[in-house]
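So the structure is just underneath, and the comments pick up after that.
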Amino acid sequence: QVQLVESGGGLVQAGGSLRLSCAASGRTFSSYDMGWFRQAPGKEREFVAAISWGGGRTYYADSVKGRSTISRDNAKNTVYLQMNSLKAEDTAVYYCAAEPTSYGSRRPGAYDYWGQGTQVTVSS
């Protein structure tokens with residue numbers, strides 16, 4: 001089992017950048033595929049990015065591809081989401097998620113473990 005805590009959200013102007021972090025507890029973090037999702041008010045939770053357990057494979061939603069980078073540091077039990085050129089439509093609560101074998105799945109239901117989320121607000 002793994003527990004996840006996100007941080008790094010905040011208020012940023014359009015065009016700015018943020019780096020979200022997700023710290024995981026447990027000694028088996030390196031065996032989990034990780035994902036980032038977001039949920040805006042009144043909308044369903046949607047996939048943002050995912051990374052395989054070793055970091056060798058990454059996956060992105062079309063809406064963030066080219067503007068965002070997912071990475072992980074297994075020695076620090078942490079996964080990151082660097083977001084650049086932020087837009088107002090990126091405003092949402094961002095969640096990290098973990099699953100032993102998600103294979104980069106874009107479905108929230110494919111992940112068993114979730115953090116509490118961190119708010120990202122982009123002002124236009």
Side-chain angles (χ1 to χ4, degrees):
Q1 195 167 1
V2 62
Q3 294 182 324
L4 307 171
V5 178
E6 302 94 336
S7 62
L11 174 64
V12 63
Q13 288 187 334
S17 298
L18 280 175
R19 187 176 81 156
L20 306 183
S21 299
C22 174
S25 65
R27 293 175 290 179
T28 59
F29 171 76
S30 60
S31 65
Y32 285 84
D33 293 343
M34 301 296 296
W36 283 98
F37 290 77
R38 67 187 182 187
Q39 188 166 17
K43 295 187 176 182
E44 294 186 350
R45 192 167 297 190
E46 65 173 4
F47 171 79
V48 176
I51 188 167
S52 59
W53 61 271
R57 293 183 299 277
T58 57
Y59 312 85
Y60 296 94
D62 288 343
S63 58
V64 304
K65 193 176 296 182
R67 300 189 295 122
S68 297
T69 303
I70 188 171
S71 61
R72 66 191 297 162
D73 185 338
N74 286 344
K76 295 182 178 180
N77 280 12
T78 302
V79 63
Y80 305 97
L81 182 67
Q82 176 70 44
M83 300 189 296
N84 303 318
S85 302
L86 284 162
K87 306 174 182 179
E89 51 263 44
D90 293 319
T91 295
V93 177
Y94 283 70
Y95 299 89
C96 71
E99 179 62 27
T101 51
S102 70
Y103 300 110
S105 177
R106 298 164 185 255
R107 296 186 303 108
Y111 296 80
D112 282 339
Y113 304 103
W114 292 85
Q116 293 301 307
T118 185
Q119 176 72 46
V120 171
T121 302
V122 183
S123 62
S124 58

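Checking each of Thr69, Asp33, Thr58, Leu81 against Ile51 for a side-chain contact (heavy atoms from CB on, under 4.5 Å) leaves exactly one that passes, namely Thr58. Tested against Phe37, the residues Tyr111, Tyr94, Tyr95 include a single ring pair (Phe, Tyr, Trp, His ring centres under 6.0 Å) partner, Tyr111.
The CZ atom of Arg38 sits 8.0 Å away from the CE atom of Met83 when rounded to the nearest 0.5 Å. Once rounded to the nearest 0.5 Å, the distance linking CH2 of Trp53 with CG of Asn74 reads 8.5 Å. With rounding to the nearest 0.5 angstrom, the SG atom of Cys22 is 5.0 Å from the CD atom of Glu6. Taken to the nearest 0.5 Å, the OG atom of Ser7 stands 13.5 Å off from the CD atom of Gln116. Atom CD of residue Glu99 and atom CZ of residue Arg107 lie 9.5 Å apart, to the nearest 0.5 angstrom.
Contact between Ala98 and Val2 at its shortest, heavy atoms only, is CB-CG1, 3.8 Å. Across every non-hydrogen atom of Ala24 and Leu4, the tightest pair is CB-CD2, 3.7 Å. Of all the heavy atoms in Leu11 and Ser123, the pair that sits closest is CD1-CB, 4.3 Å. Closest approach of Ser52 to Gly56, counting heavy atoms only: OG-N, 3.3 Å.
The local environment of CD in Glu46 is crowded, with over 12 non-hydrogen atoms from other residues, nucleotides or ligands closer than 6.0 Å. The environment of CD in Gln3 is sparse: at most 12 heavy-atom neighbours from other residues, nucleotides or ligands sit within 6.0 Å.
Between the side chain of Ser31 and the backbone N or O of Thr28 there is at least one donor-acceptor pair closer than 3.5 Å. Put simply, the side chain of Arg106 gets close to the backbone of Tyr60: a donor and an acceptor are under 3.5 Å apart.
Hydrophobic clustering keeps Tyr59 apart from Val64 (ILVMFWY residues linked when any side-chain heavy atoms are closer than 4.5 Å, directly or through intermediates).
Using a 4.5 Å heavy-atom cutoff, the side chains of Arg72 and Asn77 are not in contact. With a 4.5 Å cut-off on side-chain heavy atoms, Lys87 and Arg67 count as touching. Proximity of Trp36 to Phe47: side-chain heavy atoms (C-beta onward) are nowhere separated by under 4.5 Å. Side chains of Val93 and Thr118 form no contact here, defined as non-hydrogen atoms less than 4.5 Å apart. For the pair Tyr80 and Ile70, the minimum side-chain heavy-atom distance is 4.5 Å or more. Residues Met34 and Phe29 form a side-chain contact, since some pair of their non-hydrogen atoms from C-beta on lies under 4.5 Å apart. At a threshold of 4.5 Å between non-hydrogen side-chain atoms, the residues Arg45 and Trp114 count as touching. Here the side chains of Gln82 and Ser17 are in contact, with some heavy-atom distance below 4.5 Å.
In this model, no donor atom of one side chain and acceptor atom of the other lie less than 3.5 Å apart for Thr78 and Asp73.
The side-chain contact (heavy atoms from CB on, under 4.5 Å) test applied to Val122 returns Val12, Ala14, Leu86, Asp90, Thr91, Val120, not counting sequence neighbours.
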